[in-house]
Undergrad: 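Mind looking over this structure? Questions follow.
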There are 2 protein chains.
Amino acid sequence: MALDHAILVSLLEKPGSGYELARRFERSFGYFWTATHQQIYRVLRRMESEGWIDVREVPQQGRPDKKEYSVAAPGRAALSEWLHEPIAPESVRHDLAVKIRGAAFDDPAALIREVERYRQVHSERLAHYLAGEARDFPDPGAPGPLDARPLDAGRELQHVVLRGGIAYERMTLAWLDDVLATLRRLTPER
Amino acid sequence: MALDHAILVSLLEKPGSGYELARRFERSFGYFWTATHQQIYRVLRRMESEGWIDVREVPQQGRPDKKEYSVAAPGRAALSEWLHEPIAPESVRHDLAVKIRGAAFDDPAALIREVERYRQVHSERLAHYLAGEARDFPDPGAPGPLDARPLDAGRELQHVVLRGGIAYERMTLAWLDDVLATLRRLTPER
DNA sequence: ATTCGCATGTAAAAAGTTACATGATTTC
DNA sequence: GAAATCATGTAACTTTTTACATGCGAAT
């Protein structure tokens with residue numbers, strides 16, 4: 001289980017409330033880990049009771065108070081331990097692939113419109129990532145004195161993860177074009 | 001939930017026992033859907049009780065008898081209904097991405113060896129897919145009369161799904177090289 | 001007036017994982 | 001003699017999803 005660890009990393013990057021975490025898991029964190037607020041609140045409570053994270057009640061004006069969580073020493077230790085464990089092979093689940101193979105027993109033509117819609121979603125996601133990259137990671141090539149720019153490990157690592165998301169979306173779009181061409185070849189009528 | 005539907009598709013492609021299904025989910029089906037035999041047996045029992053699939057006891061010599069399942073009309077109808085539903089956006093879960101961002105608060109150098117091992121796993125998976133493609137889908141280019149080859153929809157669709165798996169592995173390998181380069185840049189010592 | 005965003009939760013159901021269990025045959 | 005393959009399952013546990021619930025302030 002790694003939701004714990006995903007939350008710990010996010011809190012190390014910036015302390016925040018359960019609500020804020022849920023938003024991060026919708027946005028930037030969301031392209032490699034998703035979680036709903038219900039899951040997050042449950043895990044936060046458990047981690048707090050185990051002493052992995054500290055809470056601080058933050059009164060706000062005009063808004064409900066929030067509990068700001070930050071990582072405590074035992075939480076850091078637990079994360080470190082997990083980081084040194086071997087990476088478990090991810091288990092894949094692609095509804096679309098099931099549907100494509102299922103289409104052989106149904107109507108391949110009916111899938112075309114749905115794949116086109118799906119392609120649109122990924123196209124928008126790619127645009128969103130690229131916009132985020134342009135915003136958060138400018139510095140194309142190397143303008144400016146090389147040794148004057150400090151290597152910020154955190155930013156570099158965030159960037160390489162984002163590049164992974166971008167590569168995934170590009171690959172997916174190319175594959176969806178392949179899927180569409182294949183489906184169209186199978187239904188040349190109209 | 002789509003394990004039901006994945007099983008239905010697999011049974012439509014070829015009827016078989018729970019054990020056989022579990023093996024398929026380890027092999028070809030496994031690159032877009034995983035399931036353990038426990039899950040499969042549970043779902044088979046439920047689908048049988050709902051009349052979605054038929055069972056046939058097949059006595060075997062030298063081996064335990066098996067129950068061969070095949071899709072019944074209501075199962076086909078249920079699958080068809082599901083096929084016409086919009087595709088839900090997949091929720092991603094990449095331990096490696098969490099670890100990469102977590103490495104900023106730990107030891108980036110320690111991740112290098114683990115990423116190398118992980119890269120090896122994907123490299124082998126790609127080789128396995130390519131071997132499967134060469135075995136099951138020969139016919140490179142177009143040798144032979146074009147209109148003499150019948151378009152087998154099922155095979156075409158299986159092939160395009162496999163091409164998706166291949167594209168995914170290639171993209172992953174390229175990204176892992178990017179990750180390794182980034183990690184090495186951050187730890188130039190030794 | 002109603003909807004949207006902030007903020008936190010409970011409860012129940014569905015799905016997935018892990019461990020245990022059995023028993024025959026075939027292969028090393 | 002041990003290990004691997006075939007074949008099917010139970011039980012307990014963990015995780016995830018879905019639905020419901022509340023309440024305030026700000027914007028339309």
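Chain A is the first sequence line, chain B the second, and so forth, proteins listed ahead of strands; every chain is numbered from 1.
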Undergrad: Can you list everything that forms a side-chain contact (heavy atoms from CB on, under 4.5 Å) with B/Glu68? Sequence neighbours excluded, please.
TA: B/Pro15, B/Arg56, B/Val58, B/Lys66

Undergrad: Taking the side chain as every heavy atom from C-beta outward, state whether B/Leu130 and B/Glu169 have any pair of such atoms under 4.5 Å apart.
TA: no

Undergrad: Tell me whether the OP1 or OP2 atom of D/dC6 has a side-chain N or O from B/Tyr19 closer than 4.0 Å.
TA: yes

Undergrad: How are the rings of A/His5 and A/Trp52 set to each other: parallel, tilted or perpendicular (split at 30° and 60°)?
TA: tilted

Undergrad: Listed by chain and number, what are the side-chain contact (heavy atoms from CB on, under 4.5 Å) partners of B/Glu116, not counting sequence neighbours?
TA: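 Checked B/Glu116 against side-chain contact (heavy atoms from CB on, under 4.5 Å); matches are B/Ile112, B/Arg113, B/Leu180, B/Arg184.
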
Undergrad: Taking CD from A/Glu68 and P from C/dA7, how many angstroms apart are they, rounded to a whole number?
TA: 11 Å

Undergrad: Please determine if a side-chain N or O atom of B/Arg23 lies less than 4.0 Å away from the OP1 or OP2 oxygen of D/dA7.
TA: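 Negative; the distance criterion is not met.
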
Undergrad: On the 0 to 90° scale, with breaks at 30° and 60°, tag the B/Tyr41-B/His37 ring pair as parallel, tilted or perpendicular.
TA: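 B/Tyr41 and B/His37: perpendicular rings.
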
Undergrad: For nucleotides 19-23 of chain C, list the nitrogen or oxygen atoms of the protein found under 3.5 Å from its nitrogen or oxygen atoms, one pair per line.
TA:
| unit_1 | atom_1 | unit_2 | atom_2 | d |
| --- | --- | --- | --- | --- |
| C/dA19 | N6 | B/Gln38 | NE2 | 2.9 |

Undergrad: In terms of the nearest nucleotide of DNA chain C, which residue is placed more toward the 5' end: B/Arg63 or A/Gln60?
TA: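 Taking each residue's closest nucleotide, the earlier one in sequence belongs to A/Gln60.
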
Undergrad: Tell me whether the OP1 or OP2 atom of D/dT5 has a side-chain N or O from B/Lys66 closer than 4.0 Å.
TA: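 Checking B/Lys66 against D/dT5: no side-chain N or O falls below 4.0 Å of OP1 or OP2.
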
Undergrad: Please check this pair: side chain of B/Glu133 against backbone of B/Phe137, looking for a donor-acceptor N/O pair closer than 3.5 Å.
TA: no

Undergrad: Looking at B/Ser91, does any N or O in its side chain come under 4.0 Å of the phosphate oxygens OP1/OP2 on D/dT16?
TA: no

Undergrad: What is the distance from CG of A/Leu3 to C1' of D/dT17, rounded to the nearest Å?
TA: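 It is 13 Å, rounded to the nearest whole Å.
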
Undergrad: What is the separation between atom OH on A/Tyr41 and atom P on C/dT10, rounded to the nearest whole Å?
TA: 11 Å

Undergrad: Looking at every strand, decide which applies to B/Arg45 at a 4.0 Å heavy-atom threshold: base, sugar-phosphate, or nothing.
TA: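 Sugar-phosphate contact only.
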
